[in-house]
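All figures in this text were calculated on a predicted structure; none of them were measured in a lab. When a ligand or atom number is given, it counts from 1 through the structure's own listing order.
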Amino acid sequence: EDLKVSNEAILYVNGVRRLLSDGLAHFTLLEYLRDIGLTGTKLGCGEGGCGACTVMVSQYDRILKKCSHYAINACLAPLYSVEGMHVITVEGLGSCKRGLHPVQESLARAHGSQCGFCTPGFVMSMYALLRSSQTPPSEEQIEECLAGNLCRCTGYRPIFDAFRVFAKTSNDL
Ligand code: FES
Ligand code: FES
C-alpha cells in the first residue's frame with residue numbers, strides 16, 4: 001500500500017490520538033478540551049492572566065532531536081496552534097481512582113487547595129517544570145514557574161510549601 005501524506009489534523013491528548021474534525025478552526029485549546037469532557041482545565045479569565053487553564057504541551061524538536069515540554073495557557077492557544085503536539089491535562093497526571101501524581105498528592109496534603117479552582121493550573125505549571133528539566137529545580141525556579149498562576153484562597157504559602165519538596169535542597173544534588 002502506498003504511503004499517503006495525510007491531510008488530517010491530529011492532536012494527542014493524554015496519550016489518546018484525536019482527529020480534529022472540520023469546523024474547529026475558531027476553537028481555543030481550552031474550549032476544545034472542555035468540549036471533549038476534560039473539564040479539569042478551567043476558564044478563570046480567558047486572557048492569560050490567571051493560569052487556571054494551564055496545560056502542558058510536548059513537541060518533538062527535530063533540530064535538538066528531543067522532546068520539549070512547556071506549560072501554556074489553553075485559553076489563549078488557538079486549537080490549531082498545537083496541532084500534531086501532545087497535550088497533557090490534569091486528568092492525564094493521575095486521579096483519585098488511578099492514584100494521584102506526587103504533585104497532586106503533595107498539594108492536597110499540604111492544604112494547598114481550598115476552593116480548588118486554581119489547583120489544576122498550579123499542578124500543571126509545576127508538572128511542566130519538572131518534565132522540562134533533567135535536574136530538580138531550585139526553589140526560585142519553582143516560585144518563578146508559578147508566577148502566572150493566581151489563587152484567591154490560600155495566600156500561596158501552602159502551595160509553595162507543598163512544592164518545595166520537589167526542589168533540590170543543596171548544590172550537591
Ligand atoms: S483562563 Fe486565565 S489564563 Fe487562561
Ligand atoms: S484554592 Fe481557591 S483560588 Fe486557589
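For ligand 1, the atoms sitting less than 4.0 Å from at least one non-hydrogen atom of C53 are 1 (S), 3 (S), 4 (Fe), numbered in the order shown with element in parentheses. Contact atoms of ligand 1 toward G49: 3 (S) (distance under 4.0 Å to a heavy atom of the residue). Ligand-side atoms of ligand 1 in range of G46: 1 (S), 2 (Fe), range being under 4.0 angstrom from any heavy atom. Near C75, meaning under 4.0 Å from one of its heavy atoms, ligand 1 places the atoms 1 (S), 3 (S), 4 (Fe). Per-residue contacts place G48 under 4.0 angstrom from the following atoms of ligand 1 (heavy atoms of the residue considered): 3 (S).
Linking Ile, Leu, Val, Met, Phe, Trp and Tyr whenever their side-chain heavy atoms come within less than 4.5 Å leaves V90 and V87 in two separate clusters.
Atom 2 (Fe) of ligand 1 has C45 among its coordinating residues (N/O/S atom, backbone or side chain, under 2.8 Å).
For the side chain to side chain donor-acceptor pair (under 3.5 Å) test with T89, the passing option among T39, T54, N14 is N14; the others fail.
In this view, H86 and Y12, S58, I88 satisfy the side-chain contact (heavy atoms from CB on, under 4.5 Å) rule, not counting sequence neighbours.
Within 4.0 Å of ligand 2, protein heavy atoms come from Q114, C115, G116, C118, C151, R152, C153.
Between Y60 and K65 there is a side-chain heavy-atom pair separated by less than 4.5 Å.
Classification of the F122-Y156 ring pair by plane angle, with boundaries at 30° and 60°, yields tilted.
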